[in-house]
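Convention: sequence-line order gives letters A, B, ...; per-chain numbering from 1.
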2 protein chains.
Amino acid sequence: MISGVNDEAVTSPPQQLARESDSNAFLLAQLGAHAAQRFAERIVKLDLTPPQAGLLRIVAAQPGQSQQMIAGQLGTPASRVVALVDGLQERGLVERRRNPEDRRNYALHLTGKGRQLLRRLGRLARQHDEAICAGLTEGEREQLHGLLARLAAAQGLPARVHPGYRAIAD
Amino acid sequence: MISGVNDEAVTSPPQQLARESDSNAFLLAQLGAHAAQRFAERIVKLDLTPPQAGLLRIVAAQPGQSQQMIAGQLGTPASRVVALVDGLQERGLVERRRNPEDRRNYALHLTGKGRQLLRRLGRLARQHDEAICAGLTEGEREQLHGLLARLAAAQGLPARVHPGYRAIAD
DNA sequence: TATTGTTATACTCTATAACTATA
DNA sequence: TATAGTTATAGAGTATAACAATA
């Protein structure tokens, strides 16, 4: 044994512990991980992962961006965007259009098939939200939404960026 | 080009998208990932990772459990608990006590040093909660807490299990 | 020389399965 | 033979950095 202080006399207070793991921050982390996990399970039937779904949403919301722009917006390395776009392009969901004026970069766009999948994704997302909010009345859901939106704003979280990506870290 | 449907006529509706990424489920996932990330950054000064902090809390709350019991409770493989306990034991925070009646298993306990660190961890957790709740009044925080606690209960989430562990998946 | 995209590599985290010891 | 713990191995996911093409 090294420097084992081992003073058994000190009683560890379980109430204190319960209070901590009952904090808003803890509940948010717990519920957030749960929601993300369930969403991931749900979109398996579309053969999508959360990062892929997030990328589809970004491209749909702001078509024509370069991969670098998207990488910057997402706070993720460009090499990761490459791999993601590769997979989606092979499946005909996204296309890279050459920019004739600067042939170094691509403009990313959804294909028709991509938009179709995005609509199915939207339906799943609404079902998911319904499942996560189970147990709350409509009024309570709106109340919760107001509080969460204010927290997100206070924390400076960007809209539309899925937590599967790290938001602008550092 | 393979089966590029490419019907430009279909206008992708940004409002629809905004609504989805504005759902309670999305905000929960986003805020939860943010809270978990910030907590991880905060406990770096204690040289702890979130899984380690979670294990310390579990051992403190229910001392004397075997590694298998903890693994089951956390829904994580026993081999992972081994590695976690190894690290904490080397630092003199946790001890494995042989059970004389069944010498196959260990009873896990915090050392005095472990309890001391846990108190520092508690202080950081309270600071963290304060930072995450910034922008809400005391009344709003209680309101939020009530809503989150009901959601967690409705989803069957166990108390005190940090999302760094996957809760009882499958 | 600077920038976009790409590829190669390595690292971290985690799960699965084989192994040891006690029962 | 069954169970607690351990070790070995492999896989997914991700970041870093070197590289190629274009400006």
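- For residues 79-106 of chain A, the set of pairs meeting the ring pair (Phe, Tyr, Trp, His ring centres under 6.0 Å) definition, not counting sequence neighbours, is empty.
- With axes fitted over five pairs at each extremity, the angle between the ends of the helix from C:dT1-D:dA23 to C:dA23-D:dT1 is 20° (10° resolution).
- Residues satisfying the side chain to side chain contact (heavy atoms under 4.5 Å, CB included) test with B:Glu142, not counting sequence neighbours, are B:Glu138.
- By the ring-ring contact (aromatic ring centres under 6.0 Å, His included) test, B:His128 is found to be paired with B:Phe39, residues two or more places apart in sequence or in another chain being considered.
- Residues satisfying the side-chain hydrogen bond (donor to acceptor under 3.5 Å, both in side chains) test with A:Glu130, not counting sequence neighbours, are A:Arg141.
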Readout for nucleotides 18-23 of chain D: B = base within 4.0 Å of protein heavy atom, S = sugar-phosphate only, - = neither; 5' to 3' it is ----BS
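- Taking B:Arg150 as the reference, A:Glu140 meet the salt bridge (Lys or Arg N to Asp or Glu O under 4.0 Å) condition, with sequence neighbours excluded.
- Residues forming a side-chain hydrogen bond (donor to acceptor under 3.5 Å, both in side chains) with A:Gln155 (at least two apart in sequence, or on another chain): B:His34.
- In this entry the distance linking CD1 of A:Ile70 with P of C:dT4 reads 13 Å, nearest Å.
- B:Gln68 comes within 4.0 angstrom of a nucleotide base, judged by non-hydrogen atoms across all strands.
- Screening residues 100-111 of chain A for salt bridge (Lys or Arg N to Asp or Glu O under 4.0 Å), with sequence neighbours left out, gives A:Asp102-A:Arg104.
- Of all nucleotides listed (D:dG5, C:dT6, D:dT7), D:dG5 comes nearest to the side chain of B:Tyr106.
- Rounded to whole Å, atom P of C:dT4 lies 13 Å from atom CD of A:Gln65.
- Judged as a side chain to side chain contact (heavy atoms under 4.5 Å, CB included), and not counting sequence neighbours, the contacts of A:Ser79 are A:Pro77.
- C:dT4 atom P lies 15 Å from atom CZ of A:Arg96, rounded to whole Å.
- By the salt bridge (Lys or Arg N to Asp or Glu O under 4.0 Å) test, B:Arg96 is found to be paired with B:Asp86, residues two or more places apart in sequence or in another chain being considered.
- Whole-Å rounding puts the A:Asn105 CG to C:dT6 P distance at 11 Å.
- Taking atom CD of residue B:Glu90 and atom P of nucleotide D:dT6, one finds them 12 Å apart after rounding to whole Å.
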Protein-proximity profile, nucleotides 8-13 of chain D, B/S/- by nucleotide at the 4.0 Å heavy-atom cutoff, equals ------
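- Note: the hydrophobic cluster containing B:Leu148 also contains B:Leu136 (ILVMFWY, side chain heavy atoms under 4.5 Å, direct or indirect links).
- Residue B:Arg98 places its CZ atom among more than 12 non-hydrogen atoms of other residues, nucleotides or ligands, all under 6.0 Å distant.
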